[in-house]
Amino acid sequence: MSLDPNSPLAPLPDIGVAWPDLATSPMDPAATVAAVDANAESRYAWRIDGIDGINDALLRQRFAQLSTLDANDHQAANAAQLDRRAREDADLLNSLLRAEGYYDANVVTRVEAGAKPMVVLSATPGTLYKFKGVTIDGIAAAGDKAPGLTTAFGIKPEDPVNSDAIVAGQAKLTTQIGREGFPFAKVGDPAIVVDHATRTATLDLSVRPGGARKFGQVVALPGSRVFGADHVAEIARFSPGDLYDAAKLDDLRRALIQTSLVSAVDLKPVQGATPDTVDIAVKLDRAPPHTVAGELGYGTGEGARAELSWTHRNLFPPEGALTLRGVLGTQEQLGSVVFRRNNFKARDRVLTLQASAAHTNRDAYDAKTYSLGGTLERQTNIFFQKTWTWSVGAELLASDEQDVILSTGDPRRRTFFIGALPTSLNYDGSDDLLNPTKGFRLGGRISPEVSLQGSVFGYARTQFDGSVYQPFGDRVVLAARTRLGTIVGAPRDQVAPSRRFYAGGGASVRGYGYQSIGPRDPNNDPIGGRSLTEFSIEARVRVLGSFGIVPFLDAGNIYTSPLPKFTGLQYGTGIGVRYYSNFGPIRLDVGTPINPQPGDSRIAVYVSLGQAF
């Protein structure tokens with residue numbers, strides 16, 4: 001058969017589309033839908049009647065998330081579209097009511113005509129079905145743990161047949177049976193039988209506890225290439241012989257990821273060497289081991305500063321990191337090599353060894369310092385904020401420092417050889433590491449030191465810090481802090497200038513330059529002191545979304561006496577802006593001194609991550 005492209009086309013058949021007549025549609029015929037033009041499009045509104053007696057905000061939230069009417073009510077629609085959307089939402093509401101336990105629910109729809117058509121879903125929930133019987137088959141095998149596990153499931157006779165409660169109860173039972181020592185427990189799916197005649201239901205759940213176990217050994221699965229099972233056992237918060245607890249496996253999984261050396265963790269219980277033990281098999285996938293970090297900054301009184309570092313986080317397994325770090329700034333130059341071993345012999349314990357050479361040029365002194373040091377500490381972090389932290393360390397320093405002779409103002413240069421044993425203990429009762437809103441913190445530090453400069457002498461540097469945080473409503477937090485310090489055992493002039501106390505700057509008394517507060521030499525440069533007093537108070541006010549403002553008042557001074565005083569305080573005030581990011585607040589503070597000393601700048605600016613204290 002051939003077709004002539006020049007021949008006329010045959011006429012198309014007549015196709016007619018009839019819009020539904022809403023007056024006879026499945027919607028309520030008593031409604032005034034006849035007044036709505038079937039072909040006209042207009043914006044509409046909608047509402048639900050008949051469910052005010054159901055006190056469940058989740059039902060309304062789910063309906064709003066899934067509703068076709070709600071998703072499209074900003075667009076114009078004709079009568080046929082309204083009919084289809086109303087049908088879909090009536091089925092949706094009926095399903096949600098059944099999930100709440102209203103198995104006889106009925107939903108009808110209608111449209112009320114007007115300048116803006118109103119689609120109404122009229123619900124008749126009916127009787128709330130309740131459980132007549134709840135059976136947990138096999139729970140008796142859990143022995144004396146059975147009553148607690150039954151309580152954890154939480155569903156009992158006369159409770160509503162609510163699907164959310166059932167799912168939540170199943171999840172709680174699964175979690176609790178793992179925490180009670182049953183690593184191989186199996187919790188089945190609930191079987192529900194509904195009796196419409198009596199408007200009740202029965203629930204049957206099958207549980208196979210599988211026998212209680214104690215922790216055995218941590219064993220490595222083939223392909224685990226980061227570090228061995230022994231180190232995983234050091235990180236774990238359980239020991240062989242402890243009752244099995246699935247929550248401790250979750251904790252271990254988070255801790256392994258937090259090392260930054262692991263991209264994926266596979267932990268699973270396996271039968272141990274004896275029938276009553278369970279070993280933990282672990283497989284770790286390696287994450288990229290290298291980190292390159294850079295930092296640029298500027299501070300009033302501190303000048304510009306650039307820092308660059310390279311780290312191999314697992315050069316000396318397990319978790320033995322080597323860092324090469326360099327600082328180049330207008331007032332500071334530094335090069336250092338740092339060895340850091342995380343989770344050293346125990347969870348969250350860190351061993352640090354460091355060698356550095358630095359040149360520091362401050363108004364108070366100029367120092368060229370070579371140092372060797374080591375620290376063993378228990379650290380806190382944003383993943384596992386600790387209540388108690390501590391550190392013990394040792395330092396050896398050789399420092400060539402220039403200051404001035406106080407009586408004449410003439411420069412002098414001295415070399416100090418210093419040995420120190422710094423120790424600290426801190427308590428953190430706040431609710432957040434970077435952005436505390438309630439609670440308090442206390443910290444103490446003492447560093448006995450021996451110095452050789454002409455002759456050998458000793459002294460001790462001690463510092464106490466405290467801060468408190470009090471919320472007022474949801475948007476305001478009042479924060480206050482104090483810092484007291486003392487050096488006993490040697491006169492100020494004997495103590496190396498770099499080891500004295502100083503005040504002023506973004507982490508001290510804002511409004512003043514870095515280290516600019518306190519007694520000064522004939523050249524009007526700070527000379528530091530043997531004791532320190534600082535106070536700060538600020539109001540952290542949330543204003544718009546992620547932004548906040550922080551008015552503050554700081555005070556402090558440096559003294560030549562060994563004990564801190566509360567006289568002659570220098571005051572600084574100002575206002576800050578906070579941007580509350582996902583990883584912590586970003587701080588910008590602008591301060592001014594209230595009673596400045598000669599030469600103090602009228603404005604000081606500070607930028608950092610985290611609150612001032």
Side-chain angles (χ1 to χ4, degrees), residues 178-179 181 183 213-274 277-293 309-325 337-354 373-394:
R179 298 210 62 180
R213 301 286 197 282
K214 296 178 181 180
F215 280 112
Q217 303 299 316
V218 176
V219 295
L221 291 172
S224 189
R225 302 173 297 161
V226 184
F227 34 74
D230 289 347
H231 188 60
V232 176
E234 288 180 349
I235 298 175
R237 287 196 168 118
F238 57 82
S239 301
D242 293 347
L243 183 67
Y244 174 83
D245 186 345
K248 293 183 178 180
L249 288 192
D250 294 335
D251 173 77
L252 177 59
R253 183 177 291 104
R254 290 192 298 268
L256 290 169
I257 291 294
Q258 198 266 330
T259 64
S260 299
L261 296 171
V262 178
S263 62
V265 177
D266 182 17
L267 294 175
K268 60 182 180 182
V270 296
Q271 180 60 52
T274 60
T277 62
V278 57
D279 290 343
I280 305 302
V282 57
K283 181 180 178 181
L284 308 176
D285 291 339
R286 189 193 306 272
H290 300 124
T291 298
V292 177
S309 65
W310 173 89
T311 300
H312 190 309
R313 296 192 303 276
N314 203 31
L315 183 61
F316 307 100
E319 293 196 72
L322 181 70
T323 298
L324 305 180
R325 175 172 169 258
V337 179
V338 181
F339 169 82
R340 178 186 176 94
R341 166 74 186 277
N342 291 323
N343 297 307
F344 178 69
K345 300 300 183 182
R347 174 80 163 267
D348 300 320
R349 189 183 295 169
V350 180
L351 174 68
T352 304
L353 303 175
Q354 176 174 295
T375 304
L376 182 64
E377 58 187 318
R378 183 176 190 261
Q379 285 195 334
T380 188
N381 56 63
I382 59 176
F383 299 100
F384 302 100
Q385 184 175 351
K386 311 296 187 303
T387 301
W388 290 99
T389 57
W390 51 264
S391 69
V392 293

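Values below: all heavy atoms of this structure, side chains included; hydrogens, waters and symmetry mates excluded.
Remark: the R340 side chain and the T323 side chain contain no N/O donor-acceptor pair separated by less than 3.5 Å.
Nearest heavy atom pair, residue P318 against residue F227, reads CB-CB, 3.7 Å. G374 and L353 get closest at one heavy-atom pair: CA-CD2, 3.9 Å. Of all heavy-atom pairs between A229 and A220, the closest is CB-N, 3.9 Å. When all heavy atoms of A264 and V262 are compared, the pair lying nearest together is O-CG1, 3.2 Å. Nearest heavy-atom pair, I280 versus Y244, reported as atom, atom and distance to 0.1 Å: CD1-CE1, 4.2 Å. When every heavy atom of P269 is checked against every heavy atom of V278, the shortest pair comes out as CB-CG2, 3.4 Å.
Panel note: side chain T380, backbone K386; a donor-acceptor pair is recorded below 3.5 Å. A donor-acceptor pair is defined here as one N or O able to donate and one able to accept, closer than 3.5 Å; no such pair exists between the side chain of N342 and the backbone of V350. The closest donor-acceptor contact from the side chain of R313 to the backbone of P288 lies under 3.5 Å.
Note: Q385 CD to Q379 CD = 13.5 Å, rounded to the nearest 0.5 Å. With rounding to the nearest 0.5 Å, the separation of CG in N314 from NE2 in H312 is 7.0 Å. Distance check, rounded to the nearest 0.5 Å: CG of L243 to NZ of K248 gives 8.0 Å. In this structure, OG1 in T311 is found 9.5 Å from NE2 in H290, a value given to the nearest 0.5 Å. How far CG of L322 is from CZ of R341: 14.5 Å, rounded to the nearest 0.5 Å. Atoms CD and CG, on Q258 and N343 in that order, are 7.5 Å from each other to the nearest 0.5 Å.
Partner of S263 under the side chain to side chain contact (heavy atoms under 4.5 Å, CB included) criterion, chosen from L284, I257, V226, D285: D285.
The aromatic rings of F238 and F215 sit parallel to each other, their planes meeting at less than 30°, with 60° as the upper class boundary.
Atom CD of Q217 has 12 or fewer heavy atoms from other residues, nucleotides or ligands within 6.0 Å. In the displayed structure, D230 atom CG is contacted under 6.0 Å by at most 12 heavy atoms of other residues, nucleotides or ligands. Residue R179 qualifies as open at atom CZ: its count of foreign heavy atoms under 6.0 Å is 12 or below.
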So L324 and V337, side chain to side chain contact (heavy atoms under 4.5 Å, CB included) or not? Walk me through it. CA-CA 5 Å; L324 305 180; V337 179; 3.8 Å; yes
Does the pair R237 and D348 meet the rule for a salt bridge (Lys or Arg N to Asp or Glu O under 4.0 Å), with working shown? CA-CA 11 Å; R237 287 196 168 118; D348 300 320; 3.3 Å; yes
Could you give me the CA-CA distance, side-chain angles and deciding distance for T259 and E319, then say whether side chain to side chain contact (heavy atoms under 4.5 Å, CB included) is met? CA-CA 8 Å; T259 64; E319 293 196 72; 3.5 Å; yes
Give the intermediate values and the outcome of side chain to side chain contact (heavy atoms under 4.5 Å, CB included) for residues T352 and F344. CA-CA 10 Å; T352 304; F344 178 69; over 6 Å; no
Report the C-alpha separation of T277 and R213 in whole Å, then their side-chain angles, then the decisive distance to 0.1 Å, and conclude whether the side chain to side chain contact (heavy atoms under 4.5 Å, CB included) test is met. CA-CA 5 Å; T277 62; R213 301 286 197 282; 5.8 Å; no
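Side-chain contact check for F339 versus L315: every heavy-atom pair is 4.5 Å or farther apart.
Shown here are the salt bridge (charged side-chain N to carboxylate O under 4.0 Å, His left out) partners of R349, two or more places apart in sequence or in another chain: there are none.
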